[in-house]
Amino acid sequence: MNFYSLNRKAPQVSFKEAVIAGIAPDKGLYFPESIIPLSSTFFKNIEGLSNQEIAFRAIHQFVKEDLSDQTIKEILSDMLDFDFPVVQIQENISTLELFHGPTMAFKDVGARFMANCLGHFSKGKNEEVTVLVATSGDTGGAVANGFLGVKGVNVVILYPSGKVSEIQEKQLTTLGRNITAMEVDGTFDDCQNMVKTAFIDQEITSKKKLTSANSINVARWLPQLFYFLFAYKQAKSKGKEIVFSIPSGNFGNVCAGIVAQRLGMPVKHFIAATNINDTVPNFMISGEYIPKPSSATISNAMDVGDPSNFVRIRQLYDNNFKKLSQNLSSYSFSDDETRSAMQHIYHTSSYVSDPHGAVGYLGLKKFLEKHPNTYGIFLETAHPVKFLDVVQDTLEISLEIPKQIKKVIEKQKISHKISSYEELKSYLLNS
Ligand SMILES: *Cc1c(COP(=O)(O)O)cnc(C)c1O
């Protein structure tokens, strides 16, 4: 299968080329030239399949020219070694817990898949690849963990100083080896702009092979469609139409969900729930896409004012607003509403949700008001311990710190403090 640039001014490329390049030469996001539905028997018999088998069937068409069946299976068994449980919290409302991986955030799966692919593609080559990534929180930890020790790949992570949680910061600054953390005096948008500038800076790109590990990279983005299939496998027996509510920032996860639907998975509707960074909710009202600077919230992994993957979602509907609105709703919620939702979930269901999951819950509730006869699943994208202060203050409880997090907290932070693009550039040119 080939991938084309959504800006349509660059040649089509293979999966391998798309993964290595990250973004097309015309700055467009890569997109698969087709999505061929899986057989109806696959969905009929999905309960009898293991997660690895489901993932293999789902990803095969996109990668088969560049990865042998054996390699795909090895990669999948390496990365899918934890659970993705659907946990019922109220009648007709469940949460899909995506935080059982090594860094306790949903980005572990995409990061590991991409790390494995890139490691595989750079085997036997002398040229090293540098993965350059900006993070508003969780991406950094998952990418650092996924790429740690991968031969031929160096990782440079930019994060906004003081704007990620302590645990998140430790997860990306304590690993060492091929992982370097850049602590930027600025916002997430500043980090992202530095990364974008580096990608088009020929002084750098003539010397170094750069790629991105944000969800613009097809190897980070596409495997996220597995979650929805794993959830469907568990929820199918309810016999009701299913809707998914996805707490959204860069809109990669919800976009992957829609791809799962295109593969033939029965879903009635998607809800993309956001914090006050409401560019997409506004678009769904007005039809006009007006990006804006991001605002800081308690669900900081979703503080994105110009979500990169939204162009992919629009493409899935041929840029037809009406068709898109029939399958996707998007709502925005304030921090106060998010805190109230966390309290409500805790007091009615004894379930501790993190701020991102709570935004997903709010989106689902809003949709269900008008569509009561459906089975709703909201995605819990991070373990509550990753947002320890907010969760403990809001719920007035104290959380037990899991082992893998304790280990990280005790380690020493090592970061390079930078405040301008020039400092990043000089690091990249001289390292
Ligand atoms: C990245 C992230 C999100 C947003 O996912 P997108 O695919 O960028 O929309 C939501 N919650 C958490 C915890 C995240 O880390």
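In each ligand, atom 1 is the first atom listed, and ligand 1 is the first ligand listed. Since the model is a prediction, treat every value here as computed from it, not as a measurement. These values consider heavy atoms only, across backbone and side chains, with no hydrogens, waters or symmetry-generated copies.
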Can you pull out the closest protein heavy atom to atom 7 (O) of ligand 1? Residue, atom name and distance to 0.1 Å, please.
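Residue, atom and distance for the closest contact: N253 N, 2.9 Å.
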Which residue supplies the protein heavy atom nearest to atom 13 (C) of ligand 1, what is that atom called, and how far is it?
D138 OD2, 3.1 Å
Output yes when the distance from some N or O of ligand 1 to some N or O of [X] is under 3.5 Å, and no in every other case.
X: S215; answer: no
X: G252; answer: yes
X: M302; answer: no
X: G249; answer: yes
X: T381; answer: yes

Do D26 and S5 get their side chains close enough for a donor-acceptor pair, meaning under 3.5 Å?
yes
Short side-chain donor-acceptor distance under 3.5 Å, H416 and T180
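Short answer, no.
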[X] heavy atoms, cut-off 4.0 Å: which ligand 1 atoms fall inside?
X: P247; result: 4 (C), 10 (C)
X: S248; result: 9 (O)
X: A382; result: 13 (C)
X: N250; result: 6 (P), 8 (O), 9 (O)

Kindly say whether [Y] contributes a backbone atom to a donor-acceptor pair with the side chain of [X] at under 3.5 angstrom?
X: S299; Y: N275; result: no
X: T211; Y: I20; result: yes
X: H371; Y: F367; result: yes

For ligand 1, note which part of A105 has a heavy atom under 4.0 Å away: side chain, backbone, both or neither.
neither
Using heavy-atom distances only, which candidate in K107, R220, Q224 approaches atom 2 (C) of ligand 1 most closely?
K107
Ignoring hydrogens, just give me the one of F310, F387, F106 whose non-hydrogen atom is nearest atom 3 (C) of ligand 1.
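The residue whose heavy atom sits nearest atom 3 (C) of ligand 1 is F106.
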Among T338, V359, D335, which residue meets the side chain to side chain contact (heavy atoms under 4.5 Å, CB included) test with T297?
D335
R112 with D81: basic N within carboxylate O range, under 4.0 Å
yes
Could you tell me whether K323 and D318 have a side-chain N and a carboxylate O separated by less than 4.0 Å?
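Salt bridge between K323 and D318, a charged N being under 4.0 Å from a carboxylate O: yes.
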Apply the side chain to side chain donor-acceptor pair (under 3.5 Å) test between K292 and each candidate in D189, D278, T279; give the one that qualifies.
D278
